[in-house]
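Structure first, then comments.
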Amino acid sequence: TEGAPQDERETPNVTYEDIGGLDDELEQVREMIELPMRHPELFQQLGIEPPKGVLLHGPPGTGKTLMAKAVANEIDAYFTTISGPEIMSKFYGESEEQLREIFDEAEENAPAIVFIDELDSIAPKRGETSGDVERRVVAQLLSLMDGLEERGDVIVIGATNRVDAIDPALRRGGRFDREIEIGVPDRDGRKEILQVHTRGMPLVDEIDLDHYAENTHGFVGADLEQLSKEAAMNALRRIRPEIDLEADEIDAEILEAMEVSETDFKE
Ligand code: ATP
């Protein structure tokens with residue numbers, strides 16, 4: 001994830017504007033997470049429990065982390081990340097304790113979102129894991145989620161690209177019982193993502209993002225971000241010979257002339 005370094009435990013600075021495409025998915029996220037967090041009284045009135053866990057699933061680099069951060073930012077919620085593989089390795093032997101601490105911290109700082117990346121590595125189907133540790137960690141996660149109050153002010157978002165590999169016990173009611181698929185973007189989605197990632201760039205007027213959206217079939221958001229950055233770097237390399245490295249400041253004329261053109265995208 002790009003941008004200035006930030007403490008992952010605070011509210012992230014990603015907004016809905018930073019997400020390209022995924023309109024329907026964002027709508028679902030807002031209904032499942034933003035609505036109950038903003039208006040728990042609606043759910044009380046209807047006599048239904050707000051969700052405790054939402055599972056985002058889909059291929060890598062499609063914006064799952066981005067969505068979780070954006071919704072946390074939008075509702076001004078405390079945000080904390082658990083990396084599945086990390087908690088299973090680095091804290092090996094104390095994973096359960098770590099999980100409990102993270103949940104305690106989230107409840108203390110509610111409203112809060114606990115984001116579990118690569119959930120499948122924490123909670124694979126029990127049959128698939130031989131280890132005692134894995135079984136204990138799944139049990140701990142289940143009990144922590146069961147223990148979350150019904151207020152709906154702490155929501156756990158799990159992300160995975162292997163939804164079928166997740167312990168079915170975690171997908172039952174009161175746990176990760178809502179699922180949103182975050183798929184590979186289509187042409188329009190790719191164009192929106194390119195727009196997001198070239199927003200701050202000085203693009204030559206006639207640059208045709210439609211053309212790149214058309215010709216990047218199979219690219220996910222992370223690939224399109226990379227493509228845009230490389231184009232900008234190519235623009236820099238193009239004017240690079242004109243830059244005097246010894247000078248304290250770059251010539252204003254050079255700065256102004258710096259634009260990203262079609263050829264920069266193609267190279
Ligand atoms: P992983 O499974 O690898 O964790 P992910 O689905 O969580 O993948 P992100 O971390 O959200 O992917 O995306 C990586 C980067 O790619 C983001 O920081 C963002 O810059 C870019 N990106 C991905 N999807 C989108 C999107 N829909 N709109 C804009 N940028 C995107």
Side-chain angles (χ1 to χ4, degrees), residues 1-30 32-33 53-74 77 79-89 113-124 155-166 176 178-201 203 209-210 212-213 216-233 260 265:
T1 317
E2 294 303 319
Q6 62 178 54
D7 185 348
E8 297 255 78
R9 287 159 195 254
E10 282 165 14
T11 307
N13 52 13
V14 175
T15 73
Y16 292 148
E17 300 292 298
D18 298 318
I19 302 175
L22 300 177
D23 292 344
D24 296 342
E25 293 81 353
L26 191 58
E27 202 46 50
Q28 293 181 58
V29 165
R30 297 190 70 172
M32 285 181 203
I33 301 172
V54 174
L55 198 56
L56 304 180
H57 64 95
T62 46
K64 298 182 289 298
T65 310
L66 211 56
M67 279 230 168
K69 287 186 171 171
V71 72
N73 182 17
E74 216 69 33
F79 185 81
T80 172
T81 301
I82 300 172
S83 148
E86 198 174 304
I87 204 147
M88 295 308 290
S89 64
I113 289 192
V114 177
F115 180 65
I116 310 184
D117 203 7
E118 297 185 59
L119 180 66
D120 47 280
S121 62
I122 289 196
I155 292 186
V156 187
I157 303 180
T160 181
N161 32 49
R162 302 171 58 228
V163 71
D164 295 331
I166 288 179
F176 293 99
R178 323 283 159 108
E179 294 181 8
I180 303 174
E181 186 178 356
I182 310 290
V184 172
D186 61 10
R187 205 192 66 89
D188 291 342
R190 294 196 296 274
K191 182 173 179 198
E192 283 183 39
I193 296 170
L194 284 169
Q195 280 166 337
V196 167
H197 289 286
T198 55
R199 204 163 44 196
M201 294 180 189
L203 294 184
L209 290 181
D210 279 309
Y212 298 102
T216 45
H217 184 88
F219 278 44
V220 296
D223 302 325
L224 295 164
E225 177 187 16
Q226 189 64 24
L227 178 74
S228 309
K229 283 192 175 155
E230 270 165 25
M233 280 309 295
V260 182
F265 270 90

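Every value quoted in this text rests on a predicted model; they were computed, and no experiment measured them. Both counts, for ligands and for their atoms, begin at 1 and track the order of listing.
- Across I193, T198, L209, a single residue satisfies side-chain contact (heavy atoms from CB on, under 4.5 Å) together with S228, and that is T198.
- Counting the atoms of ligand 1 from 1 in the order shown, those under 4.0 Å from a heavy atom of I19 are 28 (N).
- Neither the backbone nor the side chain of E192 has a heavy atom within less than 4.0 Å of ligand 1.
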side-chain contact (heavy atoms from CB on, under 4.5 Å) evaluation trace for I180 with L55: CA-CA 6 Å; I180 303 174; L55 198 56; over 6 Å; no
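- Among the atoms of L66, some N or O lies under 3.5 angstrom from an N or O of ligand 1.
- Summarising the contacts of atom 21 (C) of ligand 1 with E225, E118, M67, the nearest heavy atom is found in E225.
- Close approach of ligand 1 to N161 (heavy-atom distance below 4.0 Å) involves ligand atoms 2 (O).
- Contact analysis leaves I182 out of contact with ligand 1, as no non-hydrogen atom separation drops below 4.0 angstrom.
- Of all atoms in ligand 1, numbered sequentially from 1 with element shown, those under 4.0 Å from a heavy atom of D117 are 4 (O).
- Here the CG-CG distance, from D210 to D188, works out to 8.5 Å after rounding to the nearest 0.5 Å.
- In summary, D18 and R199 engage in a salt bridge, as defined by a charged side-chain N under 4.0 Å from a carboxylate O.
- Looking at M67, E74, K69 one by one, the single match for side-chain contact (heavy atoms from CB on, under 4.5 Å) with V14 turns out to be K69.
- Any N or O atom pair closer than 3.5 Å counts here, and V196 shares no such pair with ligand 1.
- At least one N or O atom of G63 sits closer than 3.5 Å to an N or O atom of ligand 1.
- To the nearest 0.5 Å, atom OG1 of residue T65 and atom CD of residue E118 are 9.0 Å apart.
- Taking each of E25, K64, E17 in turn, the one with a heavy atom nearest to atom 6 (O) of ligand 1 proves to be K64.
- If you take CG on L22 and CD on E181, they are separated by 11.0 Å, rounding to the nearest 0.5 Å.
- Inclusion of G61 in the set of residues having an N or O under 3.5 Å from an N or O of ligand 1 is warranted.
- Under 4.0 angstrom from ligand 1, the non-hydrogen atoms of I193 all belong to its side chain.
- Of all the heavy atoms of V220, none lies under 4.0 Å from any atom of ligand 1, so neither backbone nor side chain is involved.
- Side chains of T15 and N73: no donor on one and acceptor on the other come within 3.5 Å.
- Of all atoms in ligand 1, numbered sequentially from 1 with element shown, those under 4.0 Å from a heavy atom of L22 are 27 (N).
- The minimum heavy-atom distance linking M88 with S121 is given by the pair CG-O, 3.6 Å.
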